[in-house]
Amino acid sequence: MGRTAFSSLGSPSSLSVYIQPLKKLPQYLCGFFLLLYTLFFVYRAIVALSFPYPLAYWEGAVFYEAAQLSRQEFSPAALYPPNTGPPYLAGIYTPLFYYVTALFMFLTGPTSILSGRLITVLASAYLGYLLYRIARKEEVAPGRRARLGLAPAAALTPFATMALYTWGVLAQGAVLALCLSLSGVFSIWQADTDRRNKRGARPLITAGFLCALALLCQQTALAAPLAILIWLGISRRWRDLGQFAAAFFGLFLVVSLAFQLLSGDNFLRHITGFTSPSLNLGASLRYLVLGHFVLLALALSWVARPLVGRFERMDLWRIYFLTALVLCFTAGNATPDYSFALEILCLMSLMAWWQIGRLISLRTIWRLFSHRPQVAPIAMAFMALQLFLLWHVPVLDDSARTPGPAEFEQGNQVAAQVSALGFRGPLLADNSGWLADSGLTTELDDPQVFGQLAQEGKWNNRPFLDRLNNGYYKSVFYEISQPDTSEAALEQAVSRNTALPVPGRFDPVVLQVLQDRTKFTPLKRIGRWVFLVWKDPR
């Protein structure tokens, strides 16, 4: 008699047809999540490029300072003024991103924030391409079995993190600095691992220049040059170390000295005295460890391989990872709201997929009692879980910060009101990006920085207070900060005179003047934005 359908289905050869795809299910899920999060990022980038107003407070300040540069012939004194009198500007970053943004403004116009965001979006795309090249080169190294999906996965995983989703479109220099740092390390690593080329000075000098440019873009970009110096020192390549150090320190010191002289000795004061990152170890641990535990565990297992008798050396990438991890916890608060997490998250993503690639290549089998499951599918399953935990859905997620139709409409209303008040006279704002977008100037570029310095006794705000008390500012507007942001609660705060700006934007003395209804009276509220006008006490 012929075999029944049930007996045919139960045969080992037939079962393998159904079981085999299940082994690849984690890989399919990882691919699905990575594609989904990449589409989320592309959506956010398109929206941000078309949204003509600041998405974040610091973005507005950078936008305004770049606009000032484009109007004042790129003078360092315009970016780093003495601040002994109005106008007050706080150039808290090193100058590269300001200048590149100002150059792009020749194409987009000095009142368009598109210039800075376009640079960041292009840098984010290049970052993904660079991670792909690094992972692909490691993937096809001798003794490895190439998997086409590993290199794209390593390149796309950072886009599933909230940090890159937040900072990857803002007019800030963080992503550009990361691209320059990563390019510097890649230049040396590629030359060192390519057996067809002899070692020479060109990759070292190129890496030194790239790392110096990264530091000139953001003063926290120290992990890459420190890692290269440590690695060359451990390898006892003293001549190479000298060549890299000469290129790195030479370019950085020459540019810094030039800006110090051309700014009237104000450059160092701005980039060191006007920035004070807050250290919150608990928040950093929660975000990096608890929020990315699979990425971190796989990356650390890759770093630990030379330490457990695997006959591997501590190569440049492992040292770079450890250096970035240490600096990430010492430079400031490593959360999605701060750019300090970007570098270590990209390195974590890269090394996590390297480790999975090694597991797939070796097909390591664990022995658990009578079962012998493969490690690779288990690792892929955990990666799929990790990506699910990193979810951020635009519009649905409050922390996604992607503008919707309501934000576009409200932004147009605020910009129209700012432009209308600009005809009354000088306008004081807690976000100078709105002023730059409207073609207006400001007397106080960054109240958050100067308010903090005034409390510490490092800045004399007497001239500014005199202008505020004497009616120099005809209008003031700021963003209301309170837990309940419903229309009823916001209107009640304005009517009761309890509406306060975001903490740190103005010092307590300035707040007392703004709340004095004999001097300033509310004019209009548009969402969380409240407008005050000068009321002559007479």
Residues Thr402, Phe40; criterion side-chain contact (heavy atoms from CB on, under 4.5 Å); working and verdict | CA-CA 10 Å; Thr402 303; Phe40 288 163; over 6 Å; no
Show your reasoning for whether side-chain contact (heavy atoms from CB on, under 4.5 Å) applies to Ser183 and Leu130.
-> CA-CA 8 Å; Ser183 297; Leu130 189 59; 3.5 Å; yes
Could you go step by step and tell me if Leu300 and Phe321 meet the side-chain contact (heavy atoms from CB on, under 4.5 Å) rule?
-> CA-CA 9 Å; Leu300 288 175; Phe321 172 82; 3.7 Å; yes
Could you walk me through whether Ser339 and Gln218 pass the side-chain hydrogen bond (donor to acceptor under 3.5 Å, both in side chains) test, one step at a time?
-> CA-CA 10 Å; Ser339 60; Gln218 191 173 31; 3.2 Å; yes
List the steps, then state whether side-chain contact (heavy atoms from CB on, under 4.5 Å) holds for Leu180 with Leu210.
-> CA-CA 5 Å; Leu180 292 169; Leu210 289 171; 4.0 Å; yes
Could you walk me through whether Tyr53 and Glu407 pass side-chain hydrogen bond (donor to acceptor under 3.5 Å, both in side chains), step by step?
-> CA-CA 10 Å; Tyr53 315 108; Glu407 286 78 10; over 6 Å; no
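For the pair Thr94 (side chain) and Leu215 (backbone), a donor-acceptor distance under 3.5 Å is present. Using a distance-only test at 3.5 Å, with no hydrogens or angles considered, a donor-acceptor pair links the side chain of Thr120 to the main chain of Gln172. Side-chain N or O atoms of Glu479 include none that pairs as donor or acceptor with a backbone N or O of Val502 at under 3.5 Å. A donor-acceptor pair is defined here as one N or O able to donate and one able to accept, closer than 3.5 Å; no such pair exists between the side chain of Glu343 and the backbone of Ala223. Between the side chain of Arg237 and the backbone N or O of Trp231 there is no donor-acceptor pair closer than 3.5 Å. Judged by distance alone, the side chain of Ser187 and the main-chain N or O of Gly184 form no donor-acceptor pair under 3.5 Å. Distance alone, capped at 3.5 Å, places no donor-acceptor pair between the Asn460 side chain and the Thr84 backbone. When atom types are taken as modelled, the side chain of Gln386 and the backbone of Gly291 share a donor-acceptor pair closer than 3.5 angstrom. Remark: the backbone N or O of Leu440 is not paired with any side-chain donor or acceptor of Ser438 at under 3.5 angstrom. Of the possible polar contacts, one joining the Tyr64 side chain to the Thr442 backbone as a donor-acceptor pair under 3.5 Å is found.
A 4.5 Å side-chain heavy-atom check between Thr193 and Asp315 finds every atom pair outside the cut-off. Counting heavy atoms from C-beta on, the side chains of Leu390 and His292 come closer than 4.5 Å. Using a 4.5 Å heavy-atom cutoff, the side chains of Ile92 and Trp58 are in contact. The shortest distance between side-chain heavy atoms of Pro158 and Leu127 does not fall below 4.5 Å. The closest side-chain heavy-atom distance from Asn461 to Phe506 is not below 4.5 Å. Within the 4.5 Å cutoff, no side-chain heavy atoms of Met105 are placed close to those of Leu69. Leu226 places a side-chain heavy atom less than 4.5 Å from the side chain of Leu327. Using a 4.5 Å heavy-atom cutoff, the side chains of Trp317 and Val185 are in contact.
Between Trp459 and Tyr88, the ring centre distance stays below 6.0 Å. Between Phe329 and Phe340, the distance from one ring center to the other does not fall under 6.0 angstrom.
Separating the CD atom in Gln243 from the CG atom in Leu204 is a distance of 5.5 Å, to the nearest 0.5 Å. Going from atom CD1 of Ile119 over to atom CZ of Phe104 covers 4.5 Å, rounded to the nearest 0.5 Å. To the nearest 0.5 Å, atom CE of residue Met162 and atom CG of residue Leu345 are 12.5 Å apart. Distance check: Arg133 CZ to Arg136 CZ gives 12.5 Å after rounding to the nearest 0.5 Å. The CG atom of Leu295 lies 11.5 Å from the CG atom of Leu347; values are rounded to the nearest 0.5 Å. Interatomic distance, OG of Ser235 versus CZ of Arg313, reported as 6.0 Å (0.5 Å rounding).
Between Ala45 and Val169, the closest heavy-atom pair is CA-CG1, 3.6 Å. Nearest heavy atom pair, residue Ala90 against residue Asp445, reads N-OD2, 3.6 Å. Residue Pro394 comes nearest to Tyr43 through the heavy atom pair CB-CE2, 3.5 Å, listed as atom of the first residue, atom of the second, then distance. Between Met348 and Leu288, the shortest heavy-atom contact is CE-O, 4.2 Å. When all heavy atoms are compared, the tightest approach of Cys30 to Leu387 is O-CD1, 3.8 Å. Considering all non-hydrogen atoms of both residues, Ala247 and Gly208 come closest at CB-CA, 4.0 Å.
For Arg71, the CZ atom sits in a packed shell: over 12 heavy atoms of surrounding residues, nucleotides or ligands are nearer than 6.0 Å. Atom CZ of Phe382 has 12 or fewer heavy atoms from other residues, nucleotides or ligands within 6.0 Å. The environment of CZ in Phe293 is crowded: more than 12 heavy-atom neighbours from other residues, nucleotides or ligands sit within 6.0 Å.
Ring orientation note: the planes of Phe244 and Phe248 are close to parallel, at an angle under 30° on the 30°/60° scale. Aromatic ring pairs are classed by plane angle as parallel below 30°, tilted from 30° to 60° and perpendicular above 60°; the pair Tyr37 and Phe33 is parallel. Note on ring orientation: taking the six-membered ring where Trp is involved, the planes of Phe74 and Phe106 are tilted (angle from 30° to 60°). Note on ring orientation: taking the six-membered ring where Trp is involved, the planes of Tyr80 and Phe259 are perpendicular (angle over 60°, cut-offs 30° and 60°).
Among residue pairs with one or both ends in residues 248-257, none qualify as side chain to side chain donor-acceptor pair (under 3.5 Å); sequence neighbours excluded.
For Glu59, the salt bridge (charged side-chain N to carboxylate O under 4.0 Å, His left out) partners are Arg117, not counting sequence neighbours.
No donor-acceptor contact under 3.5 angstrom links the side chains of Tyr320 and Ser181, judged on distance only.
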